[in-house]
Amino acid sequence: SQTIHQWPATLVQPVGSPLSLECTVEGTSNPNLYWYRQAAGRGLQLLFYSVGIGQISSEVPQNLSASRPQDRQFILSSKKLLLSDSGFYLCAWSSFAGGTDTQYFGPGTRLTVL
Amino acid sequence: GDSVTQMEGPVTLSEEAFLTINCTYTATGYPSLFWYVQYPGEGLQLLLKATKADDKGSNKGFEATYRKETTSFHLEKGSVQVSDSAVYFCALSSKAAGNKLTFGGGTRVLVKP
């Protein structure tokens with residue numbers, strides 16, 4: 001069966017510090033991968049998605065970047081965090097099985113920027 | 001573009017009550033429809049899905065039917081438990097949008113004993 005991991009689970013960082021969040025998927029090959037952000041009490045915002053190694057699409061211009069160095073690894077980064085980067089970051093994977101592209105989410109990383 | 005509208009919460013119920021969360025959508029073509037559930041402090045879990053008109057998705061006592069004529073995918077459960085307290089998200093994906101998910105704003109449900 002497939003599993004998706006995210007770490008760290010919780011992170012508190014000062015403004016202006018760098019960021020690296022990691023997401024890995026097990027039990028599947030060549031998945032589509034996604035990064036979402038969920039601000040407190042709000043819905044989900046798609047940040048990046050990737051259909052393959054080195055292929056990244058950005059949905060919104062911002063302070064963050066993403067990379068996919070391996071087939072099942074997806075990294076979210078920032079060089080300098082802003083207060084507005086605080087939120088709950090969710091990674092998801094999908095495969096086009098049975099004609100439907102269903103996304104499955106990881107446990108999330110809660111980021112607080114102070 | 002695609003959009004999903006779901007009822008705002010919070011919805012507060014007593015245990016064993018009937019739950020309905022309304023969800024309507026706007027999309028080109030024939031989208032797939034999903035309900036996700038988020039328990040406090042956790043990620044989203046796929047609750048159920050439907051891929052074509054008149055399909056009924058079901059899981060853990062929850063049901064939703066894909067109604068193309070009313071562009072709706074309402075979530076129902078006949079008898080809720082305290083453990084059903086969570087935020088519920090309706091979502092769609094369409095080929096026209098590259099199979100990316102479009103989410104509703106979420107509905108918080110609180111079940112009291």
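- Within a 6.0 Å sphere centred on CD of Gln55(A), heavy atoms belonging to other residues, nucleotides or ligands number more than 12.
- Phe105(A) and Leu44(B) get closest at one heavy-atom pair: CB-O, 3.3 Å.
- Considering all non-hydrogen atoms of both residues, Gln38(B) and Phe88(A) come closest at NE2-CE2, 3.6 Å.
- Phe89(B) and Leu19(B) fall into different hydrophobic clusters, where Ile, Leu, Val, Met, Phe, Trp and Tyr side chains are chained together by heavy-atom contacts under 4.5 Å.
- Between Leu46(A) and Leu101(B) there is no side-chain heavy-atom pair separated by less than 4.5 Å.
- The hydrophobic cluster containing Leu64(A) also contains Val15(A), counting ILVMFWY residues as joined when their side-chain heavy atoms lie under 4.5 angstrom apart, directly or transitively.
- Remark: Thr3(A) pairs with His5(A), Glu26(A) by the side-chain contact (heavy atoms from CB on, under 4.5 Å) rule, at least two apart or across chains.
- In terms of hydrophobic clustering, with Ile, Leu, Val, Met, Phe, Trp and Tyr side chains grouped at heavy-atom distances under 4.5 Å, Val4(B) and Tyr36(A) are assigned to different clusters.
- The OH atom of Tyr36(B) sits 10.0 Å away from the CG atom of Leu44(A) when rounded to the nearest 0.5 Å.
- In Tyr30(B), the OH atom is not crowded: 12 or fewer heavy atoms of neighbouring residues, nucleotides or ligands sit closer than 6.0 Å.
- Both Leu33(A) and Ile56(A) belong to a common hydrophobic cluster when Ile, Leu, Val, Met, Phe, Trp and Tyr are linked at side-chain heavy-atom distances under 4.5 angstrom.
- Annotation: the span from Gln103(A) atom CD to Phe34(B) atom CZ amounts to 8.0 Å, rounded to 0.5 Å.
- With a 4.5 angstrom heavy-atom cutoff, Gln38(A) touches chain B only via side-chain atoms.
- Heavy-atom proximity under 4.5 angstrom to chain B picks out nothing from residues 72-81 of chain A.
- Clustering of Ile, Leu, Val, Met, Phe, Trp and Tyr side chains at separations under 4.5 Å places Leu114(A) together with Val12(A).
- Criterion: ILVMFWY side-chain heavy atoms under 4.5 Å apart, direct or through other members. Under it, Val87(B) and Val111(B) are not part of a common hydrophobic cluster.
- The ring-ring contact (aromatic ring centres under 6.0 Å, His included) contacts involving residues 14-34 of chain A comprise nothing, where partners must be two or more places apart or lie in separate chains.
- Neither the backbone nor the side chain of Gln45(B) comes within less than 4.5 Å of any heavy atom of chain A.
- For the atom pair NZ (Lys100(B)) and CG (Asn32(A)), the distance works out to 11.0 Å, reported to the nearest 0.5 Å.
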